[in-house]
> 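Let me begin by handing over the structure; questions about it come next.
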Amino acid sequence: MESALYPIQNKYRFNTLMNGTWQFETDPNSVGLDEGWNKELPDPEEMPVPGTFAELTTKRDRKYYTGDFWYQKDFFIPSFLKKKELYIRFGSVTHRAKVFINGHEVGQHEGGFLPFQVKISNYINYDQTNRVTVLVNNELSEKAIPCGTEEILDNGQKLAQPYFDFFNYSGIMRNVWLLALPQSQITNFKLNYQLANNKATITYNIEANNNAEFKVTLFDNQKEVACATSKNTSSLTIKNPHLWSPNDPYSYKIKIEMLEDGKTVDEYTDKIGIRTVKIVNDKILLNNHPIYLKGFGKHEDFNVLGKAVNESIIKRDYECMKWIGANCFRSSHYPYAEEWYQYADKYGFLIIDEVPAVGLNRSITNFLNVTNSNQSHFFASKTVPELKKVHEQEIKEMIDRDQRHPSVIAWSLFNEPESTTQESYDYFKDIFAFARKLDPQNRPYTGTLVMGSGPKVDKLHPLCDFVCLNRYYGWYVAGGPEIVNAKKMLEDELDGWQNLKLNKPFVFTEFGADTLSSSHRLPDEMWSQEYQNEYYQMYFDIFKKYPFICGELVWNFADFKTSEGIMRVGGNDKGIFTRDREPKDIAFTLKKRWQQLN
Ligand SMILES: CCCN1C[C@@H](O)[C@H](O)[C@@H](C(=O)O)C1
């Protein structure tokens with residue numbers, strides 16, 4: 001069911017997008033399966049794919065709809081495709097899906113931010129119209145990621161209660177492809193690079209659905225530079241490699257041919273960037289040179305689109321990040337659509353790729369409890385074994401999908417869980433041990449520590465190759481005139497970390513202040529542009545004193561939608577850019593700083 005290879009077209013492989021208008025119907029009483037909705041929706045409406053119903057409706061109960069809902073689309077399959085294996089590949093379906101072809105169940109998937117594909121060949125009527133139906137569910141629990149719960153309102157409606165600070169958008173929010181693939185096919189390939197003596201050794205490991213030989217060819221600007229024919233794994237070596245880096249995102253082309261009895265039966269080509277990432281003492285090295293990460297925590301989020309993929313938004317975000325002088329972002333708090341990583345490879349951005357392990361606590365204000373006995377002991381609950389299984393499945397799918405991107409430099413296995421209890425350490429010790437077996441390039445593994453999980457109480461930093469801090473001194477604590485105290489709080493904490501002599505890099509993966517682009521205040525006040533500037537200047541002045549700080553990823557790239565609440569004005573307003581991607585004053589401050597920072 002996993003589908004790590006992005007669809008391409010060549011003489012062996014064909015695909016077509018199934019995006020556009022699908023039929024849609026909510027199923028609040030979960031009667032659809034009994035009433036045959038997998039064959040025919042009784043009273044559907046049009047729904048765009050990719051898209052999310054929550055951003056399109058004018059009715060509150062539809063916006064917050066929680067439970068089962070159905071998508072359906074008819075499609076024609078000509079008989080000349082009979083020789084191929086047919087699949088439907090979903091870039092994602094949020095949060096879980098059951099797929100039917102002409103009424104027959106063909107597969108299901110848990111997890112709303114990673115691709116999967118279902119084989120449909122055995123259920124297709126050739127030279128006829130066929131029907132795909134998807135049963136989707138968007139409920140939150142402590143047995144899946146992202147975590148949350150739900151309540152039943154007085155009118156009987158379910159309401160998702162996220163343990164996280166972004167709107168629980170759901171549906172088919174990424175591209176959908178019809179794939180026609182060869183019977184014998186390449187299903188994934190993994191690459192690792194060693195650099196020495198001005199040579200690069202590229203070790204490959206090819207996964208396929210049949211035993212075969214493989215011919216692997218590397219091209220530099222169309223010129224063949226290396227070639228090998230082998231079973232699934234071997235290596236290629238090239239002299240004077242042109243390495244990939246943010247300032248020079250150079251790519252080679254790799255072509256893999258699958259051979260049966262000497263005849264090519266499948267071919268997959270991709271762009272690859274030769275580079276290495278490692279941690280040495282308290283520095284992050286890219287191609288053996290220390291790097292400083294400048295950029296953002298982001299969200300996939302935009303007006304009307306919700307989290308639906310849209311290449312215009314992707315392009316605009318990268319243009320803004322190039323303009324401001326950023327070189328990095330974290331895919332907070334879930335793996336983004338594949339197109340984000342393709343652009344990062346092309347434009348030379350670095351990505352900390354994050355699995356949707358957010359809300360592994362019992363409140364998004366968990367940080368208020370983390371240092372006292374009010375802790376929720378989240379990892380002591382009986383649902384943890386089920387949660388761990390899903391967490392591991394999604395780590396594997398994320399790494400299988402993204403391990404070849406040169407832009408991906410690290411894996412974030414958690415965002416702000418409960419992290420000061422022995423049971424949290426026991427849980428994540430297993431999670432890290434599981435994950436460390438999966439990446440052929442052995443990139444660094446980390447996770448972000450919630451406010452309060454500091455040097456005296458945090459249990460998870462020993463598992464991390466570099467330590468990521470989400471800190472809000474000057475906002476959630478010691479805000480406004482008390483910002484004078486916030487400075488000392490931040491310094492005291494960093495002194496505490498320094499005294500542990502961890503000899504590890506630290507990255508600030510979140511720090512920020514809600515700011516209304518309409519607000520100017522003299523003297524500055526919280527929510528004003530002037531305060532956002534003062535807040536960041538305080539952090540930057542302090543960062544200078546701690547050489548182990550190797551990155552500043554501000555929160556957030558842009559304003560984004562959350563659930564409603566007394567601390568949210570139409571959503572989270574900590575953006576450097578507004579939700580429609582226009583700069584706040586702080587963007588010009590960061591541009592000046594980041595273009596000078598090497
Ligand atoms: C400590 C608060 C949690 N942190 C996580 C992120 O998802 C939130 O959007 C951000 C905020 O509250 O702005 C802070």
> Would the number of heavy atoms belonging to other residues, nucleotides or ligands and lying under 6.0 Å from CG of Asn155 be above 12?
yes
> With a 3.5 Å cut-off and no angle check, do the side chains of Asn15 and Arg89 form a donor-acceptor pair?
no
> Please walk me through it: do Thr133 and Gln72 pass side chain to side chain donor-acceptor pair (under 3.5 Å)?
CA-CA 4 Å; Thr133 306; Gln72 200 161 72; 2.8 Å; yes
> Does the side chain of Trp70 come under 3.5 Å of the side chain of Asp27 through a donor N or O and an acceptor N or O?
yes
> Does a salt bridge link Glu40 with Arg131, judged by any charged N lying under 4.0 Å from a carboxylate O?
yes
> Can you confirm whether the side chains of Asn572 and Thr562 place a donor and an acceptor under 3.5 Å from each other?
no
> Could you label the plane-to-plane angle of the Tyr318 and Trp340 rings as parallel, tilted or perpendicular, counting under 30° as parallel and over 60° as perpendicular?
tilted
> Under 4.0 Å between a side-chain nitrogen and a carboxylate oxygen: does that hold for Arg521 and Glu530?
no
> Without swapping roles, check the side chain of Glu25 against the backbone of Asp43 for a donor-acceptor pair under 3.5 Å.
yes
> Report the relative orientation of the aromatic rings in Phe24 and Phe69; use parallel for angles under 30°, tilted for 30 to 60°, perpendicular for over 60°.
tilted
> Would you call the rings of His391 and Tyr427 parallel, tilted or perpendicular, taking 30° and 60° as the class edges?
tilted
> Verify the distance criterion only: is there a donor paired with an acceptor across the side chains of Tyr343 and Glu311 at less than 3.5 Å?
yes
> Does the ring pair (Phe, Tyr, Trp, His ring centres under 6.0 Å) test come out yes or no for Phe414 and Phe428, once each step is laid out?
CA-CA 9 Å; Phe414 58 78; Phe428 280 104; 4.8 Å; yes
> Between Asp74 and Thr129, does the side chain to side chain donor-acceptor pair (under 3.5 Å) criterion hold? Intermediate values first, please.
CA-CA 6 Å; Asp74 290 349; Thr129 298; over 6 Å; no
> Verify the neighbour count for atom NZ of Lys143: are there more than 12 heavy atoms of other residues, nucleotides or ligands below 6.0 Å?
no
> In terms of side-chain heavy atoms, does Glu552 have a donor or acceptor partner in Tyr536 at a distance below 3.5 Å?
no
> Salt bridge check: are Arg96 and Glu139 linked by an N-O gap of less than 4.0 Å?
no
> Is Lys574 paired with Asp559 through a side-chain N to carboxylate O contact shorter than 4.0 Å?
no
> Do Asp317 and Phe557 touch side chain to side chain, with heavy atoms closer than 4.5 Å?
yes
> Any chance the side chains of Ser528 and Ser519 put a donor and an acceptor closer than 3.5 Å?
no
> Within the distance-only criterion (no hydrogens, no angle test), does the side chain of Gln393 pair as donor or acceptor with the backbone N or O of Lys388 below 3.5 angstrom?
no
> Looking only at non-hydrogen atoms, find the nearest pair between Tyr472 and Met451 and report the distance.
N-SD, 2.8 Å
> Specify whether Phe116 and His109 have parallel, tilted or perpendicular ring planes, treating 30° as the upper limit for parallel and 60° as the lower limit for perpendicular.
parallel
> Establish, from distance only, whether the side-chain atoms of Glu151 and Gln161 form a donor-acceptor pair under 3.5 Å.
yes
> How are the rings of Tyr535 and Tyr531 set to each other: parallel, tilted or perpendicular (split at 30° and 60°)?
tilted
> Using a strict threshold of under 4.0 Å (side-chain N to carboxylate O), is an ion pair present between Arg316 and Glu319?
no
> With Arg593 as the cation and Phe540 as the aromatic partner, state whether NZ or CZ is under 6.0 Å from the six-membered ring centre and within 45° of the axis.
yes
> Could you go step by step and tell me if Trp177 and Tyr6 meet the ring pair (Phe, Tyr, Trp, His ring centres under 6.0 Å) rule?
CA-CA 10 Å; Trp177 291 265; Tyr6 193 78; 5.3 Å; yes
> Tell me the closest heavy-atom pair linking Arg443 and Ile409, and the distance in Å.
CB-O, 3.7 Å
> Quick one: do the Asn470 and Glu416 side chains pair a donor with an acceptor below 3.5 Å?
yes
> Given the side-chain rings of Tyr336 and Tyr341, with only the six-membered ring counted for Trp, is the space between their centroids under 6.0 Å?
no
> Aromatic ring centroids of Trp594 and Trp323 under 6.0 Å?
no
> Ignoring hydrogens and angles, state whether a donor on the side chain of His104 or Asn38 is under 3.5 Å from an acceptor on the partner side chain.
no
> Heavy-atom distance under 4.5 Å between the side chains of Val309 and Ile314, does that happen here?
yes
> Check whether any side-chain heavy atom of Arg401 lies under 4.5 Å from a side-chain heavy atom of Glu338, and answer yes or no.
yes
> Any salt bridge between Glu339 and Arg174, counting N to O under 4.0 Å?
no
> Would a 4.5 Å heavy-atom cut-off, applied to side chains only, mark Asn556 and Ile576 as touching?
no
> Side chain to side chain donor-acceptor pair (under 3.5 Å), that's the test. Do Asn361 and Glu418 meet it? Break it down for me.
CA-CA 5 Å; Asn361 46 53; Glu418 185 175 288; over 6 Å; no
> Verify the distance criterion only: is there a donor paired with an acceptor across the side chains of Asp68 and Ser30 at less than 3.5 Å?
yes
> On the 0 to 90° scale, with breaks at 30° and 60°, tag the Phe167-Tyr64 ring pair as parallel, tilted or perpendicular.
tilted
> Classify the side-chain pair Asn415/Arg330 by whether it contains a donor and acceptor separated by less than 3.5 Å.
yes
> Between Asp345 and Lys271, does any side-chain N to carboxylate O distance fall below 4.0 Å?
no
> Is the NZ or CZ atom of Lys307 both under 6.0 Å from the centre of the six-membered ring of Tyr169 and within 45° of that ring's axis?
no
> Under 3.5 Å, side chain of Asn138 to main-chain N/O of Ser170, donor-acceptor pair present?
no
> Between Glu55 and Arg579, does any NZ, NE, NH1 or NH2 come within less than 4.0 Å of an OD or OE carboxylate oxygen?
yes
> Give me the one residue out of Phe164, Phe113, Trp555, Tyr163 that meets ring-ring contact (aromatic ring centres under 6.0 Å, His included) with His333.
Trp555
> Do Asn102 and Ile120 make a side-chain contact, defined as non-hydrogen atoms from C-beta onward lying under 4.5 Å apart?
no
> Using a strict threshold of under 4.0 Å (side-chain N to carboxylate O), is an ion pair present between Asp165 and Arg568?
yes
> Less than 4.5 Å apart, side chain to side chain, heavy atoms only: is that true for Met321 and Phe296?
yes
